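Here is the structure we will look at.
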2 protein chains.
Amino acid sequence: MSETLYSIGEFSRMSGLPVKTLRFYHDKQLLIPCYVEFDTGYRHYNLRNLEQSQVIKALRGLDFGLEQISRILEGQPDDGDILDFLETQKAALQSEIERRADIVQALDLIIARESDARKLMQTNDDRIVQKQLPPQLVGGIRHRGSYQDCATLFGKLGRALGRHIAGKAMMLCYDEEFREDDADFEPCMPIKRVVKKPQVHVREIPGGSCIALVHRGPYETLSRSYGRLMSYAKEHELVLQRPSREIYLKGPGMIFRGNPEKYLTEIQILVAEDPNGRPPI
Amino acid sequence: MSETLYSIGEFSRMSGLPVKTLRFYHDKQLLIPCYVEFDTGYRHYNLRNLEQSQVIKALRGLDFGLEQISRILEGQPDDGDILDFLETQKAALQSEIERRADIVQALDLIIARESDARKLMQTNDDRIVQKQLPPQLVGGIRHRGSYQDCATLFGKLGRALGRHIAGKAMMLCYDEEFREDDADFEPCMPIKRVVKKPQVHVREIPGGSCIALVHRGPYETLSRSYGRLMSYAKEHELVLQRPSREIYLKGPGMIFRGNPEKYLTEIQILVAEDPNGRPPI
DNA sequence: GGTAAGGGCTCCAGCAACTGGAGGGTCAAG
DNA sequence: CTTGACCCTCCAGTTGCTGGAGCCCTTACC
């Protein structure tokens with residue numbers, strides 16, 4: 001009984017696998033045509049090959065590698081451990097899914113921040129305002145030295161507080177006047193709950209009446225905005241309290257340093273209650 | 001003001017990228033060392049390179065391709081369309097997640113069936129039993145011809161009924177005696193609800209008292225089991241009804257043909273109610 | 001002066017699973 | 001005899017590296 005043989009082209013149409021792929025599978029010993037003409041090298045396939053091809057297609061569809069498929073096909077007679085293969089594959093896929101899901105989550109965060117910043121950008125003006133600040137729970141690391149160091153410190157804070165962080169990064173500035181090299185400052189992160197971390201000072205900073213403005217531009221020009229706040233205070237006979245606060249509404253992002261001309265920083269300085277009991281305007 | 005330069009080894013330790021990778025990135029114009037010695041080819045990196053490397057690392061961590069990273073880095077000054085990149089990437093990742101989730105689901109199904117069959121295998125005997133069958137909603141395609149055709153028919157049924165399928169494949173056999181070539185049979189699938197599909201006959205098949213046994217082995221040997229049922233019926237003076245039913249407990253799987261010696265097929269034949277009103281034993 | 005260690009360099013190969021193309025042989029019909 | 005449809009092999013390219021061979025250079029040590 002002679003069975004019908006099919007050329008690689010016919011077999012390709014029957015199996016749904018491209019000719020190139022069939023040749024490749026032959027090369028890899030995965031799907032060996034039942035007969036190869038010696039002189040021309042022409043491949044000929046039969047129906048058993050068709051069955052094999054369908055198995056291979058199915059397993060490829062389940063994302064098995066060719067190597068694995070080979071092993072599965074070899075160990076087929078005993079048939080017992082196919083379940084292991086399936087379970088292993090499932091686990092592998094699930095861990096890949098998880099990895100990607102994590103990335104998507106991270107992306108979501110970044111996207112949220114970015115479009116947030118975009119919106120801020122549109123609606124910001126640089127007028128001085130007076131407003132009430134609520135008390136705020138923060139964790140901070142006070143430091144004396146150059147402002148250059150704050151990147152490291154924010155890094156440390158971020159790692160220490162992680163998922164407890166509940167707002168934009170900020171800084172408390174304890175200096176009376178601006179110092180470049182020997183400044184006294186405290187990078188802070190708002191947090192939701194009290195957490196104990198080594199090196200991190202966690203406590204509530206007070207609320208109250210403050211004067212504030214949103215500074216636009218690189219940090220080097222912050223002193224101009226401080227100047228404006230000072231003269232405003234003098235003009236309105238307000239007594240200011242240290243430390244002043246800088247809220248980094250938009251600064252260097254998690255990925256890009258961004259354009260410093262577009263950085264937004266809110267400066268807040270608490271106003272001392274008037275000793276006469278007159279409420280601050 | 002001369003800035004410090006770092007050799008590729010030092011820079012590798014600072015950036016956390018392997019030396020090989022740094023050379024590769026240089027080759028790809030992704031991270032170009034600020035200075036390359038002309039005669040030795042030695043690469044030298046500066047702190048700006050370090051920043052770039054961190055951006056690249058971050059983007060790689062978000063699964064961006066090098067090509068994309070290049071484009072992002074190039075279009076950085078305007079800075080506007082970064083959000084598009086992020087959204088695109090997120091969408092891409094999500095579709096990958098979905099694909100894998102689909103595969104996992106399919107794997108689950110296969111695993112369930114397989115371990116199901118495994119369990120059946122252990123606990124099966126081939127004794128004849130009498131039992132009550134509930135009525136069952138099925139969709140079937142009646143056919144006259146060779147049993148060879150049933151693979152195609154089951155395929156058609158599967159595609160037509162898809163997710164409505166609610167149990168093992170089965171077949172109704174209308175022939176009085178076994179025929180090889182001109183058989184009259186109907187591949188069926190149990191379903192949950194009435195659905196209308198062209199070419200598929202959907203209806204409820206009756207329940208009632210039946211005799212049944214589980215046949216183990218290839219379909220070619222089914223007639224032996226039919227024989228046993230017949231002589232049992234004669235012995236117990238039971239009148240049998242057509243069509244008989246074959247339930248394919250374990251047959252060729254979705255991927256593998258499996259070992260026919262291990263196929264399990266339950267044969268059920270309804271028993272006509274005794275005309276005397278005596279309940280069947 | 002030899003040599004070993006520790007950097008650096010280039011170029012080549014390989015992973016996975018194909019895909020595309022060049023260049024050439026085979027077969028049947030018109 | 002040509003045309004067109006097939007078929008073949010071999011090579012290159014995809015992505016993001018990784019490993020190795022083979023070579024150069026400097027420094028330290030014996």
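Because the structure is a prediction, the values reported are computed rather than measured. To find a chain, count down the sequence lines: A is the first, B the second, and so on, and within it residues start at 1.
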Is [X] atom [atom1] crowded by more than 12 heavy atoms from other residues, nucleotides or ligands, each under 6.0 Å away?
X	atom1	answer
B:K168	NZ	yes
B:E10	CD	yes
A:Q148	CD	no

Does the plane of the ring in [X] sit parallel, tilted or perpendicular to the ring in [Y]? Use 30° and 60° as the thresholds.
X	Y	answer
B:Y35	B:H44	parallel
A:Y45	A:F11	parallel
A:Y147	A:F185	parallel

Without decimals, in angstroms, what is the distance between [X] [atom1] and [N] [atom2]?
X	N	atom1	atom2	result
A:L5	D:dC7	CG	C1'	16 Å
B:D27	D:dC17	CG	P	13 Å
B:K28	D:dG16	NZ	P	8 Å
A:Y35	D:dC8	OH	P	13 Å

Distance below 4.0 Å between A:R43 side-chain N/O and D:dT9 OP1 or OP2
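Yes, such a contact exists.
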What one-letter contact string describes nucleotides 18-24 of chain D from 5' to 3', where B marks a base within less than 4.0 Å of any protein heavy atom, S marks contact via sugar-phosphate atoms alone, and - marks no contact?
SBB----
Please list all pairs passing the salt bridge (Lys or Arg N to Asp or Glu O under 4.0 Å) test where one or both residues lie in residues 41-52 of chain A, with sequence neighbours left out.
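Those involving residues 41-52 of chain A are A:E51-B:R257.
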Which two nucleotides bound the region of DNA chain C that has atoms under 4.0 Å from heavy atoms of chain B, read 5' to 3'?
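On DNA chain C, the outermost contacted nucleotides are C:dG7 to C:dC11.
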All salt bridge (Lys or Arg N to Asp or Glu O under 4.0 Å) counterparts of B:K90, not counting sequence neighbours
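Counting only residues at least two positions away or on another chain, B:K90 forms a salt bridge (Lys or Arg N to Asp or Glu O under 4.0 Å) with A:D108.
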Looking at every heavy atom in both B:I110 and A:L86, which two are closest together, and how far apart are they?
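For B:I110 and A:L86, the tightest heavy-atom pair comes out as CG2-CD1, 3.7 Å.
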Give the minimum heavy-atom separation between A:G139 and A:L157, together with the two atoms involved.
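The answer is O-CD2, 3.7 Å.
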Could you tell me whether the side chain of B:R71 reaches within less than 4.5 Å of the side chain of B:Q68, counting heavy atoms only?
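A side-chain contact under 4.5 Å exists here.
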Have a look at the helix from C:dG1-D:dC30 to C:dG30-D:dC1 and give the angle its two end axes make, five pairs each, rounded to 10 degrees.
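The end-segment axes of the helix from C:dG1-D:dC30 to C:dG30-D:dC1 are tilted 50° relative to each other.
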Is the side chain of A:T88 donor-acceptor paired with the backbone N or O of A:D84 at a distance under 3.5 Å, no angle test?
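Side chain of A:T88 to backbone of A:D84, a donor-acceptor pair under 3.5 Å: yes, one is there.
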Check whether any side-chain N or O of A:D182 sits under 3.5 Å from a backbone N or O of A:R144 as a donor-acceptor pair, and report yes or no.
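Not at all, since once roles are kept as given, no pair shorter than 3.5 Å links the two residues.
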Heavy atoms within less than 4.0 Å of DNA chain C: which residues of residues 59-69 of chain A have one? Give them sorted by number.
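Within residues 59-69 of chain A, the residues near DNA chain C are A:R60, A:G65, A:L66.
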